[in-house]
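Reviewing the structure listed below.
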Amino acid sequence: MSELPQVVQEEHMDALSLPLEDLDLKSLSELDGSALDLIIKDLAEDNAERGTSRHSSHSSYSTHGTAVW
Amino acid sequence: MREKAFLLTFPFGIGEKATLMNFAPMRLFICKIASRCNLDCDYCYVYRHADQSWRQQPAFMGLDTVAQLGWRINEHAVGHGLTAVDVVLHGGEPFLADLAYLEQVCQTIIRNTPDVQVRFRTQTNGALFNERTLAFCQEWQMTVGLSLDGPQVSNDRHRLDHKGNSSFAAVERALALLASPEGRNLWSGFLTVIDLQNDPLEVYTFLKAYGPRSIEFLLPLGHHDMRPPGKEDLTLTPYANWLLEIFYAWYDERPQTIMIRRFRDVIALMAGAESSSEEWGLQPVDFAVVEANGEIQAVDTLKVTYHGANHLGMNIFDNSFDDMYTSPLVLERQQGWAALCAACRACSLVRVCGGGYFPHRYSTLGGFQNPSVYCADLMKLIREIHRTVTGDLQRLQNRAVLEPSDHF
């Protein structure tokens, strides 16, 4: 496994963030119907669920790797 | 009711100072109500790998065990202030069980969980799924995940019955039911194991045609001592390449209604949100597995590593789910970044990949203190998704600067 740490070191990235919250309404509307839009809505739903404390996270999903929701 | 942070005094070793730690409560209970399966998939982590403990399990979970399970779930939920939990009827193949028995299972769990809302789920191979099964799922509002690897030629590579016959025709009948107007609201989507021999776009196009809510493409279970197909050289990235073909197609489609969970999780974690799956990110694992005899176990996919790997020496008759937090195997998966090997801790992608899926890290020599056997694939996938999405966002932001929004 000696090759792995070298790969890890070579692949460092300076930044790994997606500032989705910075999008303005016009930009958001351009995403309508896109895969990114689907994900943004899913994350918003997850946040809303968490806010109610009805179920604190992953309302739509099982975290178990072998079950899909 | 707000959830309580669970504080437990945990002695790290004799003579060491006890430390207070936060532990994530268990929200999901994988219940092995059937320990046998009607299929004999050659990659199955239950029957075809190192751990063979299924042989000592009863074929089905007894109702006394189910009652105790319900009681323990309720105890855990009350102790942690949870108002809802998910209970997955799992196997083996859960629908090997008679529907009358499954009715009793659900009734027994509900009867013994008076203080918490239980949401039922199931994962099935679909081969025994029929109109009666669908009616049962409707009655209990039980969501159904279906395992299928693609069109028949893809599916038949691995998912055969005990006589070596294809399961495809039977699963196709289940698929017709789940994709129908009656089944659609319960059908959560596909669980699809990647085989590099299959054309990724052919698999995706086939699955997409049924209009699933979601697809999860799973990396084949393997580790450093049992290399997955195509990973003899760990620096190669055949699985990233396979997945990226689908990613580009999926990302460009509009309207997009299918959630591909692997891509969703990478993007969610980059955006600072949480992963939906234990396979990504650094968040603590929040589920427990209960075997047919009542044993409490760690994640069942650990069975591919060594015999007994997922065994905690606990059962629901003698132990509460809180007792799991005394097991090093569980604690390791509660500690996120701190529990990873040095190479992963130093890597800037770690908050997305989370060090890779726990079983994928294993080697006899290093235990779970290794990067994932899929490390190079995960890196390529993450970097490429990041590049694609940031490029898209940058383009939108540049346009917003040039053409100021009239919404403000």
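Order of the sequence lines fixes the chain letters, A, B, ..., with proteins taken first and strands second; residue numbering starts at 1 for each chain. All values below were derived from every heavy atom in this structure, side-chain atoms included, with hydrogens, water molecules and symmetry-related copies excluded.
- With rounding to the nearest 0.5 angstrom, the OG atom of A:Ser34 is 10.0 Å from the CG atom of B:Asp252.
- With a threshold of 4.5 angstrom between heavy atoms, A:Leu31 approaches chain B through its backbone and through its side chain.
- Proximity to chain A (any heavy atom under 4.5 Å) is shown, for B:Ile260, by neither the backbone nor the side chain.
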Take B:Gln256 and A:Leu36 through the test side-chain contact (heavy atoms from CB on, under 4.5 Å) and record every step on the way to the result.
CA-CA 9 Å; B:Gln256 186 52 271; A:Leu36 209 46; over 6 Å; no

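- Residues satisfying the salt bridge (charged side-chain N to carboxylate O under 4.0 Å, His left out) criterion with B:Asp377, sequence neighbours excluded, are B:Lys231.
- Considering only heavy-atom pairs separated by less than 4.5 Å from chain A, the leading option among B:Asp392, B:Leu396, B:Asp265 is B:Leu396.
- Proximity to chain B (any heavy atom under 4.5 Å) is shown, for A:Asp37, by neither the backbone nor the side chain.
- The closest donor-acceptor contact from the side chain of B:Arg254 to the backbone of A:Asp32 lies under 3.5 Å.
- Looking at every heavy atom in both residues, B:Trp250 comes nearest to A:Ile39 through CH2-CD1, 3.7 Å.
- The shortest heavy-atom contact between B:Arg264 and A:Leu43 is NH2-CD2, 3.5 Å.
- Note that NZ of A:Lys41 is 11.0 Å distant from CE of B:Met259, once rounded to the nearest 0.5 Å.
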